[in-house]
Structures are given as structure tokens and as C-alpha cells.
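Notes follow the structure.
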Amino acid sequence: MHPLDRAFESSARSLAKRTSRRSLLASLGRMLTGAALLPLLPIDRTARAQSAGAAQPDINDARSCDYWKYCAIDGFLCSCCGGSAHSCPPGTQPSPITWIGTCHNPNDDRHYIVSYNDCCGKVSCGSCFCNRNENEKPMYRLSRNNDVNWCMANTEGDYHCSVSVILGVAEK
Ligand code: ABN
């Protein structure tokens, strides 16, 4: 007899000596029941639920911080304060000095030069604060920094909210 056959036969015999047919059937049954119950175990599906229910950023909503034109804005959105994305609310004046940024518009895949003017002459609006800093430069490049109260040049220096005005298409 081949040694492998002999080894197999002896292990089968010792197994048969140690286990009764009834206990073999019982453990087989336990295994089958366990396998059948496996799909009923609780599974953490919150990640999938969260990604399905998560709101997509609205890049075309002027009242959303995700609006593409706001890529470097820092302040209260005038569109939530009685004005629009590009015009100051009644009773406020746009700052003549501004900071300038470049935003990518995913709608036409072009880059636009955007002026971020502050609207001045009323206390802070307090609604829809938005702070995005794409391509923003440190303070030593003042005209490329958004963390500045640009109402400083206005006669009424109170900061109210910020608008974004398209100046043109950025050429490559
Ligand atoms: N340009 C918005 C702003 C206003 C006041 C202080 C910081 C930033």
C-alpha cells in the first residue's frame, strides 16, 4: 500500500474511533445552520447610506458656499444678505479695492478672473459665512489675500458681506 494511502486510512480510522455517527451529524448540522444564519448577522451599512444620502455640492447655487465663483471668497455671502452673488444689498456700497482670484468653472471648463468685493456701510450680515481659499496668497501679496477688510477704503468702513464679480476669462 502507498504510504499516503496508509496515513489517510489510519487518520480516518482514528477519527472514526473518536467520533460517533450521531456526533458527526450533529456537528455537520451546526455548521450548516451557522452558514445559513451568516447573512442575517448585522452589517454596518452606514457608510453606504451616508454616501447615498449626502447632498452633492451645488456648484451653481449662488447661496451655497460650493458655488464655483466663490472659490476664494472669505466672508458672508451677499446673496444671503439681500443682495446677489455679484451685487451689494441695498444700503451698502461695494469696496473700490478688492482681492482677485481665479476660479475654474466646471460648466464650461474655463478659468475666470474673479474680483471679490466687500459690501460696506452696514454691520456684519452674519448669514452664510463662506471661507474658501483656492490660490489665495499670504498677506504680503495683499491683493491676492482674502482675509482683509476691504471696506477700509470706504467712508463707511463697516463690513457687511462679500460678492464675487467676474472680470474676464483667464487666458492660458
Ligand atoms: N474680506 C472679507 C473680510 C472682511 C473683514 C475681515 C476679514 C475678511
Side-chain angles (χ1 to χ4, degrees), residues 33-172:
T33 316
L37 289 177
L38 215 56
L40 299 180
L41 288 175
I43 295 171
D44 186 0
R45 294 194 174 89
T46 47
R48 195 194 293 178
Q50 272 166 2
S51 69
Q56 295 300 306
D58 194 344
I59 57 156
N60 292 312
D61 177 2
R63 291 168 64 92
S64 159
C65 193
D66 297 318
Y67 190 29
W68 70 268
K69 275 205 300 175
Y70 295 155
C71 75
I73 205 165
D74 177 2
F76 301 111
L77 303 179
C78 288
S79 48
C80 297
C81 305
S84 74
H86 55 268
S87 62
C88 288
T92 62
Q93 301 79 42
S95 60
I97 51 172
T98 69
W99 75 110
I100 306 286
T102 305
C103 293
H104 174 244
N105 181 354
N107 298 302
D108 61 7
D109 201 24
R110 294 206 283 185
H111 288 80
Y112 288 82
I113 301 166
V114 182
S115 163
Y116 296 100
N117 297 68
D118 286 342
C119 296
C120 320
K122 274 186 176 177
V123 292
S124 273
C125 158
S127 296
C128 301
F129 178 71
C130 178
N131 186 14
R132 290 173 57 190
N133 302 300
E134 260 175 56
N135 300 316
E136 192 217 11
K137 295 283 179 278
M139 274 285 183
Y140 61 80
R141 296 278 306 274
L142 203 60
S143 63
R144 299 287 301 277
N145 186 277
N146 65 13
D147 200 16
V148 172
N149 182 356
W150 292 100
C151 292
M152 62 182 146
N154 286 55
T155 43
E156 293 188 71
D158 281 346
Y159 166 77
H160 187 62
C161 60
S162 303
V163 290
S164 73
V165 183
I166 291 179
L167 298 182
V169 178
E171 299 295 339
K172 282 188 184 147

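Start at 1 and go down the list; that is how both ligands and their atoms are numbered.
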Does S79 form a side-chain hydrogen bond (donor to acceptor under 3.5 Å, both in side chains) with Y70? I'd like the steps, not just the answer. CA-CA 11 Å; S79 48; Y70 295 155; 3.3 Å; yes

With distance as the sole criterion, is a donor-acceptor pair present between the side chains of T98 and N117 under 3.5 Å? no

Counting only heavy atoms not in H104 (residues, nucleotides, ligands), do more than 12 fall under 6.0 Å from its NE2? yes

Measuring from the heavy atoms of Y116, does anything fall under 4.0 Å of ligand 1? no

Is D108 salt-bridged to R110, cutoff N-O under 4.0 Å? yes

Going by heavy atoms in the side chains, are N107 and W68 under 4.5 Å from each other? yes

Using a 4.0 Å cutoff against the non-hydrogen atoms of Y159, which atoms of ligand 1 qualify? 2 (C), 4 (C)

With atoms numbered from 1 as shown, which atoms in ligand 1 lie under 4.0 angstrom from a non-hydrogen atom of W99? 1 (N)

If you measure every N/O of V148 against every N/O of ligand 1, is any gap under 3.5 Å? yes

Polar contact flag for D118 and ligand 1 (N/O pairs, less than 3.5 Å): yes

For atom 2 (C) of ligand 1, what's the nearest protein heavy atom and its distance? D74 O, 3.0 Å

Name the closest protein heavy atom to atom 7 (C) of ligand 1, giving the residue it belongs to and the distance to 0.1 Å. D147 OD1, 3.7 Å

What class does the angle between the rings of W99 and W150 fall in, given that below 30° is parallel, 30 to 60° is tilted and above 60° is perpendicular? parallel

